[in-house]
Asks: 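I'd like to ask some things about the structure below.
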Amino acid sequence: MRLMEEARVIVHTEFGGGYRRIVFDAPGIAAIAAPGQFVHIRIPQLSQEALRRPFSIYRSKGRELQVMYKPVGRGTHVMEHAVVGDVYSLLGPLGRGFPVDRAGIFPVCVAGGYGVAPLSFLAEKLECPGVVFIGGRKAQDILCTEDFAGLGWDVRVATEDGSVGEKGLVTEAFDRWVAARAPGAMAPEIYACGPERLMHVLTERAARHGWQAWLSLDRPMGCGIGACLACVQRVRDANGKQHWARCCTEGPVFDSKELVWEAADLKKASTN
Amino acid sequence: MRLMEEARVIVHTEFGGGYRRIVFDAPGIAAIAAPGQFVHIRIPQLSQEALRRPFSIYRSKGRELQVMYKPVGRGTHVMEHAVVGDVYSLLGPLGRGFPVDRAGIFPVCVAGGYGVAPLSFLAEKLECPGVVFIGGRKAQDILCTEDFAGLGWDVRVATEDGSVGEKGLVTEAFDRWVAARAPGAMAPEIYACGPERLMHVLTERAARHGWQAWLSLDRPMGCGIGACLACVQRVRDANGKQHWARCCTEGPVFDSKELVWEAADLKKASTN
Amino acid sequence: MGGGGFKKGKHELTRMNANNTKAPDLAVTVAGIRMKNPVMLASGTCGYGPEYADLIDLNALGAIAVKGILSIPWEGNPAPRLVETPGGLLNAIGLQNPGMEKFIAEYMPFLRRHKTPVIVNIWGRSMEEYGEVAARFDDVEGIAALELNISCPNIKAGGIEFGTDPNIAGELIRLVRKRTRLPLIPKLSPMLHSIAQFARIAEESGADAISLINSVPSMVIDIESRRPVLSNGVGGLTGPAIRPIAVRLVWQAAKAVKIPVIGMGGIACGRDALEFLIAGARAVAVGTATFLDPGTALRVVEEIEAYVKRQGHASVNEIVGTLQF
Amino acid sequence: MGGGGFKKGKHELTRMNANNTKAPDLAVTVAGIRMKNPVMLASGTCGYGPEYADLIDLNALGAIAVKGILSIPWEGNPAPRLVETPGGLLNAIGLQNPGMEKFIAEYMPFLRRHKTPVIVNIWGRSMEEYGEVAARFDDVEGIAALELNISCPNIKAGGIEFGTDPNIAGELIRLVRKRTRLPLIPKLSPMLHSIAQFARIAEESGADAISLINSVPSMVIDIESRRPVLSNGVGGLTGPAIRPIAVRLVWQAAKAVKIPVIGMGGIACGRDALEFLIAGARAVAVGTATFLDPGTALRVVEEIEAYVKRQGHASVNEIVGTLQF
Ligand SMILES: Cc1cc2nc3c(=O)[nH]c(=O)nc-3n(C[C@H](O)[C@H](O)[C@H](O)COP(=O)(O)OP(=O)(O)OC[C@H]3O[C@@H](n4cnc5c(N)ncnc54)[C@H](O)[C@@H]3O)c2cc1C
Ligand SMILES: Cc1cc2nc3c(=O)[nH]c(=O)nc-3n(C[C@H](O)[C@H](O)[C@H](O)COP(=O)(O)OP(=O)(O)OC[C@H]3O[C@@H](n4cnc5c(N)ncnc54)[C@H](O)[C@@H]3O)c2cc1C
Ligand SMILES: Cc1cc2nc3c(=O)[nH]c(=O)nc-3n(C[C@H](O)[C@H](O)[C@H](O)COP(=O)(O)O)c2cc1C
Ligand SMILES: Cc1cc2nc3c(=O)[nH]c(=O)nc-3n(C[C@H](O)[C@H](O)[C@H](O)COP(=O)(O)O)c2cc1C
Ligand code: FES
Ligand code: FES
């Protein structure tokens, strides 16, 4: 189910790392939102723009729905000026989120950029805590660590400049952790959201080790509800037959086994 | 001379009649602005619009430049949200304003809508007070009466609903005043700004009585500085030869004797 | 279905205006299709119907034009398929579709349950294939008309290839005309030497109506990678940016022919739609604007109704082609 | 003038980058005109030069194209001549101009005092008149090239009439070619059957460069009066809205010919201009954006320079036509 809801901004604050957080009063969507799903937001002042903007759901509780965003372009720079009381049209919750009902698993989250938002929401809904890898350029980019820590997760941080946590890419930290594990340790179930390159690496690792991985993809979106066929990702079905799946409806979260990437991207992923 | 100036909003308030007033800190333009001239304003949030918006100068004093505007469309509805500290790009002062150096005249102003703004500025600069006619739909639309009264002007008000002043159009009030004058009374020198219909009527009256009239015209503008030829008005020169004059440079204020109107418009003006 | 659904649609409208005794008549007839109002959803922007069904009442629409259908399933272009531009949207979906058999099996039962005329947008990689697809739909219940897509800029073979040379387009329309009894609505490209000549040739070749405009071939380049943003290189521009182009073309086309014209391109509100109707369109389609606000088409219906009433007309037909110029 | 002014222009640029030893070379040569940088002002948007001279340094421009000139003074269309549209601007000035003699007497002395190449945009109501105007300018000092306006949508006779049929355009270019030694730059319409074919015919007919795009024929209707907003009915759409259309056309034209292409349509910043250069334009023109910000063209120069430098090129020429597709 999905709704179009006129949602009032009730909190709008800085979040860190250049991100901001908006809390909307959106009781309809909040009541049914699940981790990994997103809302397609109409930014009222963008009178001439043609499209809504998709944002992952960071939290939903009671009537409140939260998103976390970074001002990067025309739309988000306008959003930056949203004040309490502004009304935004939200379309959601959209897409297929992360599975939260898989019993007895050992969850491992890998987050880059805004990807930490849906994963933090996920952690809240999973039965047991696991390990989370959070990557960024520098210390300030590392968000939501307390969200996970408060739930008992093992939080591992990697920054490119080494200003906090391990120095390097989040995938390198992940690989080091994997390499250090005792043989025969319980297979992790991977949940990830972040840049495309991260998805290539995790698809490759999951395939190499035979792990289950749930990867959330980011695509330019038109309708957000499956009508325009803009947001496609190449996938294969159980029989190996390939087709285009819509990230807004079949995704944004996919089982990594389904994902078909360019050979060159996977090759690059295998060596770093 | 004209300048492009980054001007800070220092006051932004309601004005009455649906109009609002912005005071800009624009020392360069304010220093040289004359009544009847306008500024071409770039509204910063209109990222996708192609044009600036023209506004008459309501006051200039020291570093301060004021405009009075009504939210009617996309641009002005954005302007409505301007806050103190916002920076707008102003191009001005533009155009040829009202002559203020004509000695020994008996000035009569006729204003409709925002037209009262440049005329109020004019009154401040004229040597002697005269009579001003201010028209509007209803009482709230009648603005700036104190500006004129404070300078010793005879202020006459006309509202279409009769809620204040004489009931009817401002041109009717003007005509009644003309009709009631003693024969041989000093010829008025007319200054006007307002809707096109008002200009037709005053052109006709000035021609009929042989009065001097200075009329400010309103045209959609592109460049505002004479380059695009968008803002034209048909005029005749001293030899009766017609050509298109640019309201942004040869105008917006014209000697009514120069103006060439459609015959039908003038005919209509002669009968009401 | 189609004409059949009309009565109920009319009924609904009457109810909508229950507290007003003089609701104007919004019904129009286009290519023999009776539409309860002149507002449809444009092909490719509303999927096959179910996608928007929970967000808007499909029964309240004048008609719905489904995404372009081929004889066989078609993959379309790789991503990225879409990029926003100033006042518009560039897309190169590449006519991805499940093929006619799957469309008929999976979507027609759903569409038949609605009382809104269904216009099937079809295309082919050869003239023969256009004919084949048209013939197949001739047998299918619940289809009001076929929109012949001869103007899609986003595929290599088919589409616009048949829509730029008026002689080829004429031949294609005549060929398809022989293969189906369904009303035919060729959809024209905005990039024609003379839209009037093209419209006339469509009319003479047996078209029952024409629709225009399809998207305008365009390109956006990523200056960092020095590649086109869209995988296909060229895409089609739609949305408010193209509206003035579309209004001009609809006006010129409508003057040239007697068959009805369906106008589209950047319609986002009643005022926009009325520009097209006044220019000569008998009906209009809402495309890109549905993405921003799924309720756009229904809002357009309301706003047209208010205008027709305010202007004192009994029927929306009275404003069609009333441009004074 | 023209080539003559180049050295000083170059000097200025060097000074501008005084504290940087590796300022990239921005000079380009188009139709034999050496331009100190690839950014010009588009015809019709900068008057005849003096209009903007107190707001921007004309000497810092690559070139300036003055408003379309006829043999005799021309009145143009009645007002309204302009209306804003989503992301763009619709105008129907109708080529008002003082005629060639008055232009030469009143504006050329001013323009000659500047060291920026002057491109005179010319038109005629007949082929012969195009030839006549061209021949007249052949004698005039300080003119770098003639831009043949065969694509203005806003006049009844002349302009676009000669610019939609490639054979007629070819004949016109050949005729004008015989009447002048000045470089010839036909300006093409976006509404052509095939821009590539058209560009090739221009090249074969003796054009030294081509410029595109002119405005896109369009219409806006006032739904209350049911009249077109512009007195001329149809006007030309310009501004950011048309940029993706223009980039596509420039890319297709540049692939088709060896002569340089001057690209324009909706350029408002360096990134926009770079799209055109990467697509194959040797130079670009800024039009509508100058109205919003008179300094646009100069800002575009700076932003191009920064990009060329950042991408490690010695000259802007190295990025022309580097689109990978
Ligand atoms: C499923 C999904 C979830 C997302 N969740 C978040 C989130 O939680 N927080 C966050 O900060 N960002 C998120 N993004 C990215 C976010 O949508 C873009 O940052 C945003 O659309 C930028 O809009 P803009 O107008 O500021 O940028 P502009 O560059 O001006 O946008 C122009 C167009 O490009 C599209 N676009 C630009 N960047 C992206 C992008 N990265 N992904 C998809 N479309 C893009 C815009 O939607 C718009 O249509 C998500 C994207 C997707 C697809
Ligand atoms: C010389 C001059 C002086 C003016 N002085 C004032 C003033 O002091 N106070 C005031 O409230 N208004 C004044 N106006 C009118 C003012 O420019 C318009 O109200 C304003 O441009 C509307 O912009 P918008 O974006 O809100 O409207 P929209 O309708 O969204 O504007 C769309 C386009 O139409 C143009 N436009 C719309 N209405 C007008 C109009 N009446 N005249 C010219 N162009 C228009 C806009 O500039 C813009 O380019 C003046 C106009 C002129 C020509
Ligand atoms: C994403 C998208 C997909 C489209 N697919 C089709 C299609 O399959 N067949 C077709 O004839 N037109 C297609 N169109 C064109 C629209 O039907 C319509 O002609 C065009 O978008 C102009 O209208 P608009 O500006 O309201 O969107 C598509 C447009 C968009 C934006
Ligand atoms: C007001 C106006 C007047 C124009 N006049 C001319 C003209 O006289 N001759 C010409 O060839 N092009 C003319 N053009 C077209 C421009 O030169 C340019 O091709 C077009 O505006 C596209 O560029 P832009 O989007 O940057 O404005 C005019 C454009 C505008 C907006
Ligand atoms: S965004 Fe339209 S189908 Fe996914
Ligand atoms: S607005 Fe451009 S000439 Fe007046």
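Remember, it's a predicted structure, so these values are computed and weren't measured experimentally.
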Asks: Which heavy atom in B/Ala227 sits nearest to a heavy atom in D/Cys46, and how many Å separate them?
Replies: CB-C, 3.9 Å

Asks: Which atoms of B/Gln242 are under 4.5 Å from chain D, going by heavy atoms: the side chain, the backbone, both sets, or neither?
Replies: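 When you check distances to chain D, only backbone atoms of B/Gln242 fall under 4.5 Å.
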
Asks: Quick check on B/Met221 against chain D: is it the side chain, the backbone, both or neither that has a heavy atom closer than 4.5 Å?
Replies: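 Contact with chain D involves the backbone of B/Met221 alone.
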
Asks: So, the side chain of B/Trp244 versus the backbone of D/Glu75: is there a donor-acceptor pair under 3.5 Å, distance only?
Replies: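 Yes: the side chain of B/Trp244 pairs with the backbone of D/Glu75.
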
Asks: Take B/Arg2 and D/Leu55, measure what side chain to side chain contact (heavy atoms under 4.5 Å, CB included) needs, and give me the verdict at the end.
Replies: CA-CA 8 Å; B/Arg2 59 196 179 193; D/Leu55 292 168; 4.3 Å; yes

Asks: To the closest 0.5 Å, what do you measure between CG (B/Leu51) and CG (D/Leu89)?
Replies: 5.0 Å

Asks: Need one label for B/Arg234: side chain, backbone, both or neither, based on atoms under 4.5 Å from any heavy atom in chain D.
Replies: side chain

Asks: Can you tell which part of D/Pro73 gets under 4.5 Å to a heavy atom of chain B, answering side chain, backbone, both or neither?
Replies: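 Interface part for D/Pro73: neither.
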
Asks: Of all the heavy-atom pairs spanning B/Val232 and D/Gln96, show the shortest one and how long it is.
Replies: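 Residues B/Val232 and D/Gln96, closest heavy atoms: CG1-OE1, 4.0 Å.
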
Asks: Name the member of D/Thr290, D/Val83, D/Asp54, D/Thr238 that forms the most heavy-atom pairs with chain B at distances under 4.5 Å.
Replies: D/Asp54

Asks: List the steps, then state whether side chain to side chain contact (heavy atoms under 4.5 Å, CB included) holds for D/Asp293 with B/Met4.
Replies: CA-CA 9 Å; D/Asp293 176 6; B/Met4 202 159 77; 3.7 Å; yes

Asks: If you measure from the Lys or Arg side-chain nitrogens to the Asp or Glu carboxylate oxygens, is any gap between B/Arg53 and D/Glu84 under 4.0 Å?
Replies: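 Salt bridge present between B/Arg53 and D/Glu84.
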
Asks: Shortest non-hydrogen contact from D/Leu82 to B/Ala230?
Replies: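 Looking at all heavy atoms of both residues, the shortest contact is CD1-CB, 3.4 Å.
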
Asks: In this structure, are over 12 heavy atoms from other groups packed under 6.0 Å from B/Glu262 atom CD?
Replies: no

Asks: Determine, step by step, whether D/Asn91 and B/Leu229 satisfy the side chain to side chain contact (heavy atoms under 4.5 Å, CB included) criterion, reporting the C-alpha distance in whole Å, the side-chain angles of both residues, the deciding distance to 0.1 Å, and the verdict.
Replies: CA-CA 10 Å; D/Asn91 89 82; B/Leu229 308 178; over 6 Å; no

Asks: For atom NZ of B/Lys138, is the number of surrounding heavy atoms from other residues, nucleotides or ligands below 6.0 Å larger than 12?
Replies: yes

Asks: Identify which of B/Gly222, B/Pro220, B/Cys231 forms the greatest number of heavy-atom pairs closer than 4.5 Å to chain D.
Replies: B/Gly222

